[in-house]
Every structure is written in structure tokens, then in C-alpha cells.
Amino acid sequence: MEVKEIKAYGTAEATAPLDQLNINRRKPTPHDVEIEILFCGVCHSDLHTARSEWGPSMYPCVPGHEIVGRIVSVGAHVNKFQVGQMVGVGCLVDSCQECQYCKEGLEQYCEPGATQTYNSPDKHFPGNPTFGGYSESIVVNENFVLSIPENLDPAAAAPLLCAGITTYSPLHHWKVGPGQTVGIVGIGGLGHMGLKIAKAMGAHVVAFTTSESKFAEAKRLGADEVVLSKDAEQMAAYRGKLHFILDCVSAEHDINAYLNLLRVDGSLALVGAPEKPLPVAAFSLIPARRSFAGSMIGGIAETQEMLNFCAEHNIPADIEIINIQNINEAYERLLKGDVKYRFVIDMASLKN
Ligand code: NAP
Ligand code: ZN
């Protein structure tokens, strides 16, 4: 296979900081698109994976699955995209395309397993992991490439590729809309998008945060009400009041405290993925026929639908642009909940 060596940022082991390294990308095959990466969002999953918090990762690990860039070349059979177009790549770069779920547009739940943008076995380089967007360029099958609508700023659109779709998909699936009171828990990268999207869908939105510093801003982001989740009295006021809750918390927390806020037949969908289990009490669910669910990113067609929805409703992410050389510091700030609300790497800094 013809390869091209490029610069990237990643780590050789769970306990080492990220640093510059070189990786190989395949030259575009007939159905591939080659993208020069301009911006890459920093998802908490990047940190979980780089540090093997969800079990052993494949190394070297080059994270990054909120990719926006410009097409620099296309394979001979590519018909959806052209050189020069602004495009995105999210958490998936391939799937079997044949199983029942792929056929339904649920590539994220592909039966044999989808290929994640990083930390998946790379079909094109057997024995090697896929490498993500903390890099100069990426080569992706055109079926996994998204169009970035023109009215979205490319840097502020990057977080939509994961944080946007991961919140849009469950809000859409559980039919959130007018007449419903919806809770968004954990106002980080995912949660702030959840506030914006739930509001745009017409729901009455309640933000739950542990950070007093996010109180005023949560309202600007779309919350009608804000609750300090550490305050038992404030929490008690919402018992049995919510139709749906989206839990975006990255660390261990008491899930029962939120289940008890659901109305009869209400659902709580977990998208946050703490490394340790979250114990659920039977009596948080039984007395009100409540459902406790999970949701993973979204399919490719649904991701394009979400991008178009965000363009139509003018919903960019709120971002802080960083240079790649500051990624380790950004990870430490993520752990403290100190980001408003998504770090996005200006990938031009990789050339420094
Ligand atoms: P993030 O920006 O770090 O936000 C997480 C938020 O959780 C924080 O801002 C904080 O919000 C809250 N939080 C953090 N530690 C907490 C603690 N100890 N107790 C209570 N609340 C705490 O992370 P993210 O990028 O949004 O990702 C959130 C989680 O979703 C991660 O676990 C990530 O891996 C996962 N994820 C899942 C999917 C999926 O497909 N299901 C996709 C992407 C990411 P407040 O300051 O408001 O309390
Ligand atoms: Zn992510």
C-alpha cells in the first residue's frame, strides 16, 4: 500500500503525556477523500482513551474525532465530494455497510463493529490502530465524510461532530419537544450542546451543574432554569417533574438522584461514560415505571441532519481555541470541569 508520512500528536502509553510523533496515512483509494485538518475538538473521550480509562487502548494513540478540514484530493470513484470543500469527520470512519443496523443508518451500532476514528483496528493497516484528528490530514471513505454547512464557522462546527451528534441523537430518539421539561446534566462539551439543541427542539430546559460559575451562562446557552446539583434542597424541588434527562457527566456520580427527578414513564439516557459502574437502586425505577437507557454518538445520515439542524438554528459550539502544544494542559483543565465549553485545536499549530 502506498503511504504518506505525516505529523501527529499522540502518546505511546497510558501514563505518558501527548507529544509529537509521525504516523502513516494511506494514499486515497478510489472511494477515499483526503482532508487537510484545520480544526479538531477535544472530547473527554480523547482523554479517557489516551489514558486507557475504559480498558487497554491501542498504542500509539492519536486521539481526535471532531475533525473539520478542507478536501485536498479525492479518489477516482468519489462522487459526493470535490477538492476544496469544507467537510467534517466524526467518531466513525468505516462500518460493514451490510448488517441490519448499517442498513438502518445506525452505523454506530454496526454488528461486526464499526471502525472508530481512533483506537480501532485499521482494516487498511492490519495490526495497527486507526489514528484520529490530532494530525495534519486524514484519509476517509466518502460515506463517512460530512458536509459542513457554509454558515457555520469551521472551528465552532468541529465539536458538533461528536458533542453535537451525541446529544442530538438521544434528544431526537426520545422525541424531546414542546410541552416537555428536559434536564441536561453536566455542562461541559456535550452538556452545553445538549442545552442548545434541546432548547431549539422546543423543550423547557433545566440545566444541572456542580459549577456555580456556569449558572448565569447556562441560561445564555438555552436553559430556562439552572439547578446546583450539590444542593439537596434545589434538587428536591424537581422530584417527579422531568420528562427526560440527558446525563453528560464524565465522572462517578449518584445516578439515583437524577432518576428520582423523572415523572412516571420518564427516561434518563446516559451518554457520559465514567470509567466505574454507576449503581442504580431498584426503587429509583419501579415506583414510576421509569427507564434508564444509554446512547452512543449517532449514524452518518443523522449526523448530517444534526449539522443542518444546527446551521438552520444557528447553533455553533462555544469554543476556546488552543495550540496542539497545549493539549496536556487542556486535559488537566477538562478534569477540573474548567472549559467553556469545548477546546478546539487550531491544527495549523502542528506546523510550528
Ligand atoms: P467534559 O467537557 O469534561 O464535561 C463533563 C462535565 O461533567 C463537566 O463539565 C462537569 O459539568 C461534569 N462533571 C465532571 N466531573 C464531575 C463529577 N465528579 N461529578 C459531577 N459532575 C461532574 O466532557 P465531555 O467531552 O462533554 O464528555 C462527557 C462524557 O461523555 C465523557 O465521559 C465522554 O467520554 C462521554 N462521551 C460519550 C459519548 C457517547 O457516544 N455516549 C460521546 C462523547 C463523549 P458541571 O461543571 O456542569 O457539573
Ligand atoms: Zn467524543
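We count ligands from 1, going down the list as the structure has it; atoms in each ligand are counted the same way. Side chains are part of it too, since the values below use all heavy atoms of this structure and drop only hydrogens, waters and symmetry mates. Note that the coordinates shown come from a computational prediction; the quantities given were computed from them, not determined experimentally.
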What I want to know is whether Ser45 and ligand 1 share at least one N or O pair that is separated by under 3.5 angstrom. yes
Heavy-atom contacts under 4.0 Å between Trp54 and ligand 1: side chain, backbone, both, or neither? side chain
What is the nearest protein non-hydrogen atom to atom 47 (O) of ligand 1, stated with its residue, atom name and distance? Thr209 OG1, 2.6 Å
Give a yes/no on ligand 1: does Arg342 have at least one heavy atom closer than 4.0 angstrom to it? yes
For atom 40 (O) of ligand 1, grab the closest protein heavy atom and report residue, atom and distance to one decimal in Å. Ile297 N, 2.8 Å
Restricting to heavy atoms, the pick from Ala251, Ala218, Gly186 nearest atom 18 (N) of ligand 1 would be Ala251
Check the angle between the aromatic planes of His44 and His48 and answer parallel, tilted or perpendicular using the 30° and 60° thresholds. tilted
Distance-minimising heavy-atom pair for Pro149 and Leu307: CG-O, 3.7 Å
Below 3.5 Å, N or O to N or O, backbone or side chain included: is there any such pair between Cys162 and ligand 1? no
Could you find the nearest protein heavy atom to atom 2 (O) of ligand 1 and give me its residue, atom name and distance? Gly189 N, 2.9 Å
Could you report the tightest heavy-atom contact between Gln180 and His243, atom names first, then the distance? CA-ND1, 3.5 Å
Assess whether side chain to side chain donor-acceptor pair (under 3.5 Å) is satisfied between Asn256 and Ser284, documenting all intermediate values. CA-CA 6 Å; Asn256 301 291; Ser284 298; 2.7 Å; yes
For atom 1 (P) of ligand 1, closest protein heavy-atom neighbour: His44 ND1, 3.7 Å
Can you sort out which atoms of ligand 1 are near Gly188, meaning under 4.0 Å from one of its heavy atoms? 2 (O), 4 (O), 9 (O)
Minimum heavy-atom separation for Leu171 to Ile184, with atom names? CD2-CD1, 4.5 Å
Could you check whether Ser349 and Asp346, counting side-chain N and O atoms only, form a donor-acceptor pair closer than 3.5 Å? no
Taking both backbone and side-chain atoms of Gly337, is any N or O found less than 3.5 Å from an N or O belonging to ligand 1? no
Does ligand 1 have a heavy atom under 4.0 Å from the side chain of Thr166, from its backbone, from both, or from neither? side chain
Where is the nearest protein heavy atom to atom 9 (O) of ligand 1: which residue, which atom, and how far? Lys214 NZ, 3.1 Å
Identify, by atom number and element, the atoms of ligand 1 in contact range of Leu334, meaning under 4.0 Å from any of its heavy atoms. 2 (O), 3 (O)
Check this for me: Arg220, atom CZ, are more than 12 non-hydrogen atoms of other residues, nucleotides or ligands nearer than 6.0 Å? yes
If you measure every N/O of Ala273 against every N/O of ligand 1, is any gap under 3.5 Å? yes
On a heavy-atom basis, the closest approach of Leu92 and Val89 is O-CG1, 4.2 Å
Closest approach of Ser57 to Thr49 (non-hydrogen atoms, all atoms of both residues): OG-O, 2.6 Å
Among Ser295, Gly294, Ser211, which one puts a heavy atom closest to atom 46 (O) of ligand 1? Ser211
Does an N or O anywhere in Ile187 fall below 3.5 Å from an N or O of ligand 1? yes
Quick one: does ligand 1 sit under 4.0 Å from the side chain of Cys248, the backbone, both or neither, non-hydrogen atoms only? backbone
Using a 3.5 Å cut-off on N or O atoms only, is Phe208 in polar contact with ligand 1? no
Please work out which of the three classes, parallel, tilted or perpendicular, describes the rings of Phe208 and Tyr238, given edges at 30° and 60°. perpendicular
Tell me which protein heavy atom sits closest to atom 26 (O) of ligand 1, plus the residue, atom name and distance to 0.1 Å. Leu190 N, 2.8 Å
Any donor-acceptor N or O pair under 3.5 Å, side chains Tyr341, Glu217: yes
So which heavy atom in the protein is nearest atom 48 (O) of ligand 1, and how far is it from that ligand atom? Thr210 OG1, 2.5 Å
The Zn ion (ligand 2) to nearest N/O/S of His44 below 2.8 Å: no
Heavy-atom pair with the smallest gap, counting every atom of Pro170 and Val271: CG-CG1, 4.1 Å
Show which atoms of ligand 1 fall inside a sub-4.0 Å distance from at least one heavy-atom site of Cys43. 25 (O), 43 (C), 44 (C)
Taking atom types as modelled and ignoring hydrogens, do the side chains of Ser95 and Glu107 form a donor-acceptor contact shorter than 3.5 angstrom? no
What angle, in degrees and rounded to 10°, do you get at the Zn ion (ligand 2) when you join it to SG of Cys162 and to SG of Cys43? 130°
Protein contact of atom 30 (O) of ligand 1 - nearest heavy atom, named by residue and atom, plus distance: Gly272 CA, 3.3 Å
Answer yes or no: are there more than 12 heavy-atom neighbours, outside Tyr101 itself, under 6.0 Å from its atom OH? no
Sole residue of Tyr118, Phe131, Tyr134 in ring pair (Phe, Tyr, Trp, His ring centres under 6.0 Å) with His65: Tyr118
